[in-house]
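Only one structure is covered here, and it is reproduced in the block below.
Counting from 1, the numbers follow the sequence of the chain as shown.
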Amino acid sequence: MSKPMPPWKQKLDTLVEHKYFTAVIITFILINAIVVGLETYPHLYAEYGDTFLTIDRILLYIFTVEIILRLLAARSLGTFFKGGWNWFDLIIVLSGHILAGAYFVTVLRILRVLRVFRAISVIPSLRRLVDALLLTIPALGNILLLMSIIFYIFAVIGTMLFQNVSPEYFGSLQLSLLTLFQVVTLESWASQVMRPIFEELPWSWVYFVSFVLVGTFVVFNLFIGVIVNNVEKAEAADEEEIDETKEEVKELRKEVRELKDLLKQSLDNNKKSG
């Protein structure tokens with residue numbers, strides 16, 4: 001049985017898990033995002049650079065206090081550092097302190113943008129979604145291999161067929177791969193790539209349509225299917241964890257009732273013997 005948390009840790013844990021505390025942190029993250037966005041305007045940055053820097057330092061110290069509170073509220077250091085999101089938050093905040101110097105102005109400004117990512121670690125629903133996406137990486141390996149094979153085959157065929165007709169798009173294997181990447185995104189593929197070739201080779205539509213059907217609709221649907229499947233698994237795992245917690249609470253209540261009954265019996269026996 002795990003050792004109970006001290007009362008002060010329980011109070012801190014209640015504080016950092018409270019919805020209002022989370023809302024306040026999200027508000028500061030949004031303020032950080034707005035400030036970083038305003039810094040991209042040269043005339044604003046030239047006029048209010050010192051103000052932006054002051055706001056950034058205040059926000060950095062607010063995030064530092066938040067991390068310290070979460071660290072103190074954790075059951076143990078091992079529990080805190082077991083979470084990947086806690087590592088992410090700690091690195092982002094510590095980097096702002098470590099790289100605080102004139103030689104790292106650009107790096108610091110980039111780190112301020114990265115703090116916006118902390119909205120993911122703070123909002124549980126976004127965190128579950130990203131965790132589900134990370135779970136899809138191993139499963140996507142075979143799909144990426146299949147897509148690479150399809151790209152390579154169509155690139156070689158495209159280079160052989162259209163090298164002389166459209167050398168700017170199919171002049172070499174690497175150009176063909178880049179062109180097919182544009183086609184698979186469906187970005188101006190018909191007007192810029194296919195139609196000039198189609199005017200000289202009317203049968204070329206077969207090549208492009210078949211690649212769009214295979215590359216875009218089939219492979220991308222496989223991607224979506226794997227992602228949706230893993231999101232459902234992540235949600236199911238969360239529900240199982242909640243059910244397990246409920247069962248543990250029921251067991252604890254049962255044990256408490258049994259202890260109360262034993263104490264009551266012991267007191268009754270003492271009264272009778274007395």
Side-chain angles (χ1 to χ4, degrees), residues 82-89 91-92 110 113-114 116-242:
K82 193 180 291 182
W85 287 111
N86 291 335
W87 275 104
F88 176 79
D89 292 341
I91 290 170
I92 291 295
I110 293 172
V113 179
L114 292 180
V116 182
F117 273 121
R118 294 205 56 236
I120 299 173
S121 65
V122 173
I123 302 173
S125 57
L126 290 180
R127 193 166 58 236
R128 284 195 296 270
L129 180 60
V130 173
D131 289 338
L133 290 175
L134 291 175
L135 288 174
T136 63
I137 292 176
L140 292 178
N142 290 331
I143 298 176
L144 288 173
L145 180 59
L146 173 62
M147 199 166 185
S148 300
I149 293 172
I150 292 172
F151 261 74
Y152 183 76
I153 291 172
F154 273 89
V156 172
I157 294 173
T159 305
M160 292 177 178
L161 294 176
F162 311 126
Q163 190 172 31
N164 297 325
V165 177
S166 181
E168 68 275 19
Y169 289 118
F170 292 95
S172 62
L173 183 60
Q174 58 268 30
L175 278 176
S176 298
L177 287 169
L178 189 60
T179 301
L180 290 178
F181 182 78
Q182 177 184 345
V183 171
V184 85
T185 61
L186 303 179
E187 177 63 30
S188 304
W189 70 274
S191 59
Q192 290 185 6
V193 181
M194 188 193 76
R195 289 195 179 278
I197 299 175
F198 179 73
E199 289 177 1
E200 297 193 29
L201 302 172
W203 51 265
S204 61
W205 67 269
V206 177
Y207 171 85
F208 289 102
V209 171
S210 60
F211 177 73
V212 168
L213 289 174
V214 174
T216 303
F217 299 123
V218 176
V219 177
F220 279 6
N221 279 328
L222 286 175
F223 270 103
I224 294 169
V226 170
I227 291 171
V228 169
N229 185 42
N230 279 278
V231 170
E232 291 175 352
K233 284 182 179 178
E235 290 177 352
D238 287 338
E239 290 176 0
E240 288 178 5
E241 187 176 347
I242 292 171

Inset, instruction - May I have the step-by-step check of side-chain contact (heavy atoms from CB on, under 4.5 Å) for Phe88 and Ile92, ending in yes or no? - result: CA-CA 6 Å; Phe88 176 79; Ile92 291 295; 4.1 Å; yes

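Between the CZ atom in Phe151 and the CG atom in Leu178 there is a gap of 10.0 Å [rounded to 0.5 Å]. Rounded to the nearest 0.5 Å, atoms CG (Leu145) and CD1 (Ile150) are 10.0 Å apart. Between the CG atom in Leu144 and the CD1 atom in Ile149 there is a gap of 11.5 Å [rounded to 0.5 Å].
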All N/O donor-acceptor pairs, side-chain side in residues 152-167, below 3.5 Å, sequence neighbours left out:
from	atom 1	to	atom 2	distance (Å)
Thr159	OG1	Ala155	O	2.7
Thr159	OG1	Ser176	OG	2.6
Gln163	NE2	Gly171	O	2.8

Which atom pairs, donor and acceptor, lie under 3.5 Å between side-chain atoms of residues 192-205 and protein residues at least two apart or in another chain?
from	atom 1	to	atom 2	distance (Å)
Gln192	OE1	Gln182	NE2	3.3
Ser204	OG	Leu201	O	2.8

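Shown here are the side chain to side chain contact (heavy atoms under 4.5 Å, CB included) partners of Ser172, two or more places apart in sequence or in another chain: Gln174, Leu175.
Annotation for Leu186 and Trp189: closest pair CA-CD1, 3.5 Å, computed over non-hydrogen atoms.
Between the side chain of Thr179 and the main chain of Phe170, no donor-acceptor pair closer than 3.5 Å is present.
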